[in-house]
**Student:** 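Please see the structure below; I have some questions.
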Protein chains: 2
Amino acid sequence: MSIQSRRERERAEREKLIVTAARELAEAEGWDAVTTRRLAEQVEYSQPVLYSHFAGKDAIMAAVAVEGFADLGEALAAARARVAAPEALAAVAETYTSFAERRPALYDAMFSQAVDLPFATADAPEPLHTAFNEIVEAVRPHAGAAHPALVTETFWAALHGLATLTRGRRLPRHAHDDRLALLLARFTRAPD
Amino acid sequence: MSIQSRRERERAEREKLIVTAARELAEAEGWDAVTTRRLAEQVEYSQPVLYSHFAGKDAIMAAVAVEGFADLGEALAAARARVAAPEALAAVAETYTSFAERRPALYDAMFSQAVDLPFATADAPEPLHTAFNEIVEAVRPHAGAAHPALVTETFWAALHGLATLTRGRRLPRHAHDDRLALLLARFTRAPD
DNA sequence: CAGCAGCCCTAGCGTTGCTAGGATCACAAG
DNA sequence: CTTGTGATCCTAGCAACGCTAGGGCTGCTG
């Protein structure tokens, strides 16, 4: 019993080690630099060990993505706690886009790369729900007659578009603040 | 002179052939299936021929992306010609998202994959400018006091977010029309 | 007809994600 | 303390990837 639990604990620790190493490597040098060989070297094990924990590289990235959603959720909660109710939307929006800007590799894992995560369903990992709910609460005062969840989805999509297009140099970076302010003007207070 | 021009013509034709083959293969089986070997086999040449036309696989995808922008620009122009001025924004938005939905591989090349295309600068390929200008013209009646280009960038980013998140199953597909309608309500007629 | 220049293919390099198989270690039983 | 057993982890290798070097063939030129 004791031996069994120690082994399970060690396994869990090593799994955490792998995910952390993958995250750090990706944030330092981008996901292209995260090869199974380099990752194995980083955690000081051989490659096959990775596959005894995860089905493949995608699964490792998905685990990193879940950690990213937890981080994002915390940042959004902090922003919402810092700013009073109706103006919280601006703080949340600013926090969201600056998160995407400051942690590009993490944001990529969450939204561009890992495709096999369940998302808009009930069995999505819990950090995804909490992060989404943070935006819902910030949006709620501005939803008007519309369903808050629907407004949140739309507003979130707009933030995501701004973040990704700016990051990919599709949009000039210098006008980012102006675009964000414009978006907020269109989404604060319901038209009716 | 005649021989020279014939060779140049043949080169141009073959280049077009490569781009078309890459596009068709990507649209049929996704970009993962577009390997240099399969592409070479498709055009009935050996691999190195690809590299005498393009610097690498990325450059081929960039060429496909430019074709995609031309297609998108045509579709948007048609939508704007079909619908009168103020309501054209809805038609443009619907055309945009359905383009992303119907041609996912093409849309990926345009916005997710090829990073080395100049975008928001003057030396961007001409189809990019015309496509963007189509949205500008649809947005203009609703810009109010704001700069139309800035509103366009923001609105376009929102459309892009809706398209990519819906496609990646981050947003439930069934509510897409509702989200699009909500976005349009927020962007038609300026608040002041 | 001889020489030359350009085109294009065969072959191969280094790297990728992933896996099979055997060696090695820690534990339990006699 | 020795022996058997079971899990653990590493070495080695596979197929496929993007890309490139080098030589043979074709066809134009003088």
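Letters go in sequence order (proteins before strands), and every chain restarts at 1. In this text the structure is predicted, and so the values were computed from the model without any measurement.
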**Student:** Tell me whether the guanidinium CZ or amine NZ of A:R170 lies under 6.0 angstrom from the six-membered ring centre of B:F111 and within 45° of its axis.
**Tutor:**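 Judged by the rule (NZ or CZ under 6.0 Å from the ring centre, within 45° of its axis), A:R170 is not positioned above B:F111.
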
**Student:** Assess whether atom CZ of B:R14 is packed by more than 12 heavy atoms of other residues, nucleotides or ligands within 6.0 Å.
**Tutor:**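 Atom CZ in B:R14 is packed in, count exceeds 12.
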
**Student:** Heavy atoms within less than 4.0 Å of DNA chain C: which residues of residues 19-35 of chain A have one? Give them sorted by number.
**Tutor:**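 Result for residues 19-35 of chain A: A:V34, A:T35, sorted by number.
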
**Student:** Check whether the ring centres of B:H53 and B:Y45 lie less than 6.0 Å apart, and answer yes or no.
**Tutor:**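 Between B:H53 and B:Y45, the centre distance exceeds or equals 6.0 Å.
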
**Student:** Any cation-pi pair here, B:R186 with A:F187, using under 6.0 Å and within 45°?
**Tutor:**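 Yes - B:R186 lies over the ring of A:F187, closer than 6.0 Å to its centre and within 45° of its axis.
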
**Student:** Identify each donor-acceptor pair in which a side-chain atom of residues 72-81 of chain A lies under 3.5 Å from a protein atom, sequence neighbours left out, and give them as a table.
**Tutor:**
from: A:R80; atom 1: NE; to: A:E134; atom 2: OE1; distance (Å): 2.8
from: A:R80; atom 1: NH2; to: A:E134; atom 2: OE1; distance (Å): 3.3

**Student:** Under 3.5 Å, which N/O atoms of the protein pair with N/O atoms of nucleotides 22-26 of chain C?
**Tutor:**
none

**Student:** Tell me the interatomic distance from A:R37, atom CZ, to C:dC18, atom P, rounded to whole angstroms.
**Tutor:**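 In whole Å, C:dC18 P and A:R37 CZ are 11 Å from each other.
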
**Student:** I'd like to know if B:E101 pairs up with B:R173 as an ion pair, taking the criterion as any Lys NZ or Arg NE/NH1/NH2 lying under 4.0 Å from an Asp or Glu carboxylate oxygen.
**Tutor:**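 A salt bridge links B:E101 with B:R173.
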
**Student:** Taking the inter-plane angle between the rings of A:W156 and A:F132 on a 0 to 90° scale, is it parallel (under 30°), tilted (30 to 60°) or perpendicular (over 60°)?
**Tutor:**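 Because their plane-to-plane angle is over 60°, the rings of A:W156 and A:F132 count as perpendicular.
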
**Student:** Look at the side-chain heavy atoms of Ile, Leu, Val, Met, Phe, Trp and Tyr, link any pair under 4.5 Å apart, and say whether A:V83 and A:L184 land in one connected group.
**Tutor:**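 No.
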
**Student:** Is A:T36 close enough to C:dG17 that one of its side-chain N or O atoms is under 4.0 Å from OP1 or OP2 there?
**Tutor:**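 For C:dG17, OP1/OP2 do have a side-chain N/O of A:T36 under 4.0 Å.
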
**Student:** Counting only side-chain nitrogens and oxygens, does A:R14 get under 4.0 Å of the OP1 or OP2 atom of D:dC9?
**Tutor:**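 Looking at the OP1 and OP2 atoms of D:dC9, one of them is under 4.0 Å from a side-chain N or O of A:R14.
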
**Student:** Rounded to the Å, how far apart are A:E41 CD and C:dG17 C1'?
**Tutor:**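 Going from A:E41 (CD) to C:dG17 (C1'), I get 17 Å.
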
**Student:** What is the separation between atom CG on A:L39 and atom P on C:dT15, rounded to the nearest whole Å?
**Tutor:**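 Nearest whole value for this atom pair: 18 Å.
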
**Student:** Is the centre of the B:F69 ring less than 6.0 Å from the centre of the B:Y107 ring?
**Tutor:**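 Judged by ring-centre distance (under 6.0 Å), B:F69 and B:Y107 do not meet the cut-off.
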
**Student:** Which residues satisfy the side-chain contact (heavy atoms from CB on, under 4.5 Å) test with A:P125, sequence neighbours excluded?
**Tutor:**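 A:P125 satisfies side-chain contact (heavy atoms from CB on, under 4.5 Å) with A:V66, A:L117, A:P118, A:P127, A:L128 once adjacent residues are dropped.
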
**Student:** Please tabulate, for side-chain N and O atoms in residues 84-95 of chain A, each donor-acceptor pair with protein atoms closer than 3.5 Å (sequence neighbours left out).
**Tutor:**
from: A:T95; atom 1: OG1; to: A:A91; atom 2: O; distance (Å): 2.7

**Student:** With a 4.0 Å heavy-atom cut-off, tell me which residues in residues 42-67 of chain B come close to DNA chain D, sorted by residue number.
**Tutor:**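 Residues of residues 42-67 of chain B under 4.0 Å from DNA chain D: B:Q47, B:P48, B:Y51, B:G56, B:K57.
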
**Student:** Using whole Å, report how far CD1 of B:I18 lies from P of D:dG18.
**Tutor:**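 In whole Å, D:dG18 P and B:I18 CD1 are 14 Å from each other.
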
